[in-house]
Amino acid sequence: MTSSLFHHGGYQSLDGDTGLGGAAGMPSIDFHEEEIAFSSEETSLDPRDQSHRFEHIQNLDDFFTRVYRYHQRGGFVCMALEELFQLFQLAFVVIFSTFLMECVNYTVLFRNAMTNGTKTRLSEAVINPQYCAAHLSGWVVFAVIVSIFVWLAKFAKVSYNLIKYWETRGFYTQALKICDSSELASLTWAEVQSKLLAMQKEYHLCVHKSDLTELDIYNRILRFENYTVAMVNKDLLPLKLQLPFIGEYVYFSRWLKYNIKLALFYFPYWGLFENRWHLKPEYKRLDNRSELVERLRKIFRIFGLLNILLLPLIFLWQILLLFFKYAELVKREPSLLGSRRWSEYGRVYLRHFNELDHELEARLVRAYEPAARYMNCFTSRVLTVLAKNVMFFAGALLVVLIVLSVIDEDVLHVEHVLTGMTVLGIVVTICRATIPDENQVWCPELLLKKTLCHIHYLPDSWQWRGREHKTVTRNNFAVLFQYKVTFLLEEMLSPIVTPLMLLFVFPDRCGQLIDFFRNFTIDIQGVGDVCSFAQLDVRAHGNPEWSADADAPMPTMSGSAAAATSTSSVPHDDQPAELAPKAADGKTELSLLHFHLTNPGWQPHNRQSGLYLDSLRRQAMQASCSVQQLQSQQQQQQQNLLLAASFPKPEDSTTGALLMLQSQQIFAAPPNSLEAAASAGAAQPMSLQPQQQRLVGGVCRLDHHQGQSAQSLQHQQQQQQSMVGMTASAALLDPYSVAANSGQQSLAAQMSVSTLYLHELHHHRLLSRAPGAALLLAPMAEDEPDREGGGGGGQYGGSASTA
């Protein structure tokens, strides 16, 4: 099946054609929202027969999306208020900006004109509205006219959305029996989804399938998002730019993301999809590839030209929007610019296949604190010295001005005194935020691994293991976790950068994009055309390096596979690209694990994915038994050690499991070879031995003796958290027990431990390639030539069958 799926023809139909009919209407484009609604008829509404109101819904994608957003946004009243206030905000920004530019006499307001010593009144600084309206400049009139058309289009979309929200409210009250907003707030999405699945038997929401699964609902809600995640994972979108004096820079603003989605998924007539659920037939064949490549290039160039034509208006809108939104926050809290946020690129890269917005947000929120602490480990001594001295001089001037204003308030009326005090206060706040706390001590290795527990992905190309304390690792991580001021600058410049990328960068990747949609699109009965990666099939898209079986041999890359890998990184539009079927960085395996834990009642539709989970559970149980044996052997030796009090205390079960993995490296070798690895001692490669922790912060330099004390402390704290860590390991991949115990918190901790376990297994398999591991892994290397040629499916099939 795998070989036929990724042949030149590429396109594959599973379980026959969906037979879904109807054409989607024109997409309604919202200026800043990523959601684009299709206006096709979706429900069979017959007021004479309310029992059939929700039967045979045509556009299930939009229906399930609205049901999900209705739950996440708090019901009809909250959604209606948000939509109406967006209209008011748009009108306010236009009217207030026009008033500030054309209807204020700044000469009088700043008292640059003669006022005879009297106090200036506000009415004197405001120009007569009738006179102001009659003397507007030409470009302001043009901007106002365009804004009126945008407001009317927004009003039409809001009206349409309110009608659909009311229909969704009727579905919740009549079909799901959820009438009160407080009841809605107390329900999780999993509970609402279970009601949807039960309703399929009664209302037949989907006419093409008798039963719906959780994966069907996720595939419909995230149909295009899964394509975007796969394209970023395969590095098909040209988002990495080579800039002079900077080097490689990843640029992926919200406006660029909106244009990409609009061009690939929603563009009428010339777009890739004929409706919300079907890829156009010509994109599933290879015979007209060159024509489709030229068509996609033309689409990107059209979008680039449209962005250039609208550049003045879009750029002005971005500046006004950012100014009204962030100016007061920056004045009140200047350190806001020094804070960080997950970049738009990071949000797509870190997203699992079939992961809803609230699930992604929960992971990133949990990862924010350890990620911020990790980035704070890296401080510039030069910048610290400069900040201390600048804060001294600015603070001295600010204190003098404050004292003078307390003595006599007339000082505040002196020209630019109040402005100077405000600027000096902002400078002092920024400098104070730049200076690190001398009483804080951090461990970069521990913080990065704790961050990995929640974000689940770190590229192997970074080579971050053992280099967590390096500046290069910090710079790589900054691509995912950027300064907020960097985000604001990217969004402000996006009206200028986006058309340039659409005109000159994206056309070079059109051939690969066409090959991607042909090779990785499958037709699922009752669902339509979806990205094949979203089916979580480890046999078709799994990476053997992330196999659940630690003893499985590392496959050697054949010539065709190597060519496919190189083709995916270097664009060649003249010939069809042999795109590698496996996802990078364990995306398929971790996505399967996350979806399985999030939806305990779901069973994989293919046998290999189920066997992969069984094999992973078996390996985790064996590792848990090995942990208990090792801990019992070391307990007597560690009980009398004197411990330092400065090492960070574990805060939760995730940290306990993290300390267990970090201190003893129990998963660095396969469970059945732990005793052999322990007896090998110095014969092991250095990467298989416990890492020496580096503490940074108030104590920047530690000698060898202090490092050993830190390790002893870590062993002791691991003993204190052993029961928590072993409980999480023993319950690995048992979502039913998690759901029965403490819900989301235990599920998050379980997914964190599972993520670390998979990463350690993957790291061990990568070490098998290293020359230093030849002695330890000699039997494995000898068997590898006999097993070569099995491919990705063979690796997963072999490991799963033993389970």
(request) Carefully, step by step, assess L446 and K450 under the rule side-chain contact (heavy atoms from CB on, under 4.5 Å). (result) CA-CA 6 Å; L446 186 63; K450 188 174 182 180; 5.6 Å; no
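- Note: R465 CZ to E468 CD = 8.0 Å, rounded to the nearest 0.5 Å.
- Closest of all the heavy-atom pairs between C510 and F300 is SG-CD1, 3.6 Å.
- Side-chain atoms of N259 come within 3.5 Å of backbone N or O of W255 as a donor-acceptor pair.
- Side-chain contact between F267 and F303 is present, with at least one heavy-atom pair separated by less than 4.5 Å.
- Taking W462 as the reference, nothing meets the ring pair (Phe, Tyr, Trp, His ring centres under 6.0 Å) condition, with sequence neighbours excluded.
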(message) Before you tell me yes or no, could you show the steps for I221 and D61 under side-chain contact (heavy atoms from CB on, under 4.5 Å), namely the whole-Å CA-CA distance, both residues' side-chain angles and the distance that decides it to 0.1 Å?
(response) CA-CA 6 Å; I221 297 176; D61 286 34; over 6 Å; no
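- With sequence neighbours excluded, no residue forms a salt bridge (Lys or Arg N to Asp or Glu O under 4.0 Å) with D460.
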(request) Show your reasoning for whether ring-ring contact (aromatic ring centres under 6.0 Å, His included) applies to H469 and W464. (result) CA-CA 9 Å; H469 62 288; W464 56 273; over 10 Å; no
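- K234 places no side-chain N or O within 3.5 Å of a backbone atom of F516 that could act as its donor or acceptor partner.
- By the neighbour-count criterion of 12 heavy atoms within 6.0 Å, atom CZ of F85 is sparsely surrounded, having that number or fewer from other residues, nucleotides or ligands.
- Checked for salt-bridge contact, E355 and R363 meet the test: a charged N lies under 4.0 Å from a carboxylate O.
- Using a 4.5 Å heavy-atom threshold, the side chains of N599 and Q193 count as touching.
- For E214, the salt bridge (Lys or Arg N to Asp or Glu O under 4.0 Å) criterion is met by no residue, not counting sequence neighbours.
- The closest donor-acceptor contact from the side chain of H358 to the backbone of W189 lies at 3.5 Å or more, if one exists at all.
- Atom-to-atom distance recorded for L237:CG and L513:CG is 6.0 Å, nearest 0.5 angstrom.
- When atom types are taken as modelled, the side chain of D585 and the backbone of P459 share no donor-acceptor pair closer than 3.5 angstrom.
- Without hydrogens or angle criteria, Y368 side chain to R340 main chain gives a donor-acceptor distance under 3.5 Å.
- Judged as a side-chain contact (heavy atoms from CB on, under 4.5 Å), and not counting sequence neighbours, the contacts of E291 are N288, R295.
- Here CZ of F506 is found 10.0 Å from CG of L296. Values are rounded to the nearest 0.5 Å.
- If you check the side chains of Y249 and E490, you find a donor sitting under 3.5 Å from an acceptor.
- Counting heavy-atom neighbours within 6.0 Å of K470 NZ, excluding the residue itself, gives a total of 12 or less.
- Summarising the geometry, atom OG1 belonging to T451 is positioned 11.0 Å from atom CG belonging to L480; distances are rounded to the nearest 0.5 Å.
- Checking each of F224, Y283, Y266 against F273 for a ring pair (Phe, Tyr, Trp, His ring centres under 6.0 Å) leaves exactly one that passes, namely F224.
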List, one per line, each side-chain donor-acceptor pair under 3.5 Å for residues 494-501, sequence neighbours excluded.
unit_1: S494; atom_1: OG; unit_2: Q318; atom_2: NE2; d: 3.2
unit_1: S494; atom_1: OG; unit_2: E491; atom_2: O; d: 2.7
unit_1: T498; atom_1: OG1; unit_2: S494; atom_2: O; d: 2.8

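- At least one side-chain heavy atom of N219 sits less than 4.5 Å from a side-chain heavy atom of Q535.
- In this structure R341 satisfies the salt bridge (Lys or Arg N to Asp or Glu O under 4.0 Å) test together with E344, sequence neighbours excluded.
- Although no hydrogens or angles enter the test, the distance criterion places no donor-acceptor pair under 3.5 Å between the side chain of K587 and the main chain of N233.
- Checked against salt bridge (Lys or Arg N to Asp or Glu O under 4.0 Å), D216 has the following partners two or more places apart in sequence or in another chain: K209.
- A side-chain contact (heavy atoms from CB on, under 4.5 Å) with S147 holds for exactly one of V93, V94, L90; it is V94.
- For S343 (side chain) and V479 (main-chain N/O), a donor-acceptor pair under 3.5 Å exists by modelled atom type.
- In summary, R73 and E83 engage in a salt bridge, as defined by a charged side-chain N under 4.0 Å from a carboxylate O.
- Inspection of the H352 and Y457 side chains reveals an N or O donor paired with an N or O acceptor under 3.5 Å.
- Partners of E248 according to the side-chain contact (heavy atoms from CB on, under 4.5 Å) rule, which considers only residues two or more places apart in sequence or in another chain, are K240, Q242.
- In terms of modelled atom types and a separation under 3.5 Å, the side chain of E545 and the main chain of H762 share no donor-acceptor contact.
- Of the residues R509, R289, K284, the one that meets the salt bridge (Lys or Arg N to Asp or Glu O under 4.0 Å) test with D515 is R289.
- Inter-residue side-chain proximity for K154 and L87 is flagged as met; some heavy-atom pair is nearer than 4.5 Å.
- Residues I260 and F265 fail the side-chain proximity criterion, which asks for heavy atoms closer than 4.5 Å.
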(message) Under the criterion side-chain contact (heavy atoms from CB on, under 4.5 Å), I'd like the reasoning laid out for S339 against Y483: C-alpha separation, chi angles, the key distance, then a yes or no.
(response) CA-CA 6 Å; S339 62; Y483 280 114; over 6 Å; no
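- For the pair N543 and E589, the minimum side-chain heavy-atom distance is below 4.5 Å.
- At distances below 3.5 Å, not a single donor-acceptor pair connects side-chain atoms of R351 with backbone N or O atoms of G346.
- Between D529 and R223, no side-chain nitrogen of the basic residue sits less than 4.0 Å from a carboxylate oxygen of the acidic one, so the salt-bridge criterion is not met.
- Put simply, the side chain of L239 reaches to within 4.5 Å of the side chain of L256, judged on heavy atoms.
- With sequence neighbours left out, F92 forms a side-chain contact (heavy atoms from CB on, under 4.5 Å) with F96.
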(request) Could you walk me through whether N59 and R276 pass side-chain contact (heavy atoms from CB on, under 4.5 Å), step by step? (result) CA-CA 8 Å; N59 191 345; R276 184 70 179 263; 4.2 Å; yes
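- Scored by the side-chain contact (heavy atoms from CB on, under 4.5 Å) test, M492 finds F315, I319, L322 as partners (sequence neighbours excluded).
- With sequence neighbours left out, Y227 forms a side chain to side chain donor-acceptor pair (under 3.5 Å) with T521.
- In terms of heavy-atom proximity, L272 sits nearest to L279 at O-CD1, 3.2 Å.
- No salt bridge links R467 with E445; every basic N to acidic carboxylate O contact stays at or beyond 4.0 Å.
- Shown here are the ring pair (Phe, Tyr, Trp, His ring centres under 6.0 Å) partners of Y251, two or more places apart in sequence or in another chain: there are none.
- The structure places CG of L305 at 10.0 Å from CG of L502, a figure rounded to the nearest 0.5 Å.
- Using cut-offs of 30° and 60° on the angle between ring planes, the pair H541 and F520 is tilted.
- Remark: the backbone N or O of H594 is paired with a side-chain donor or acceptor of T598 at under 3.5 angstrom.
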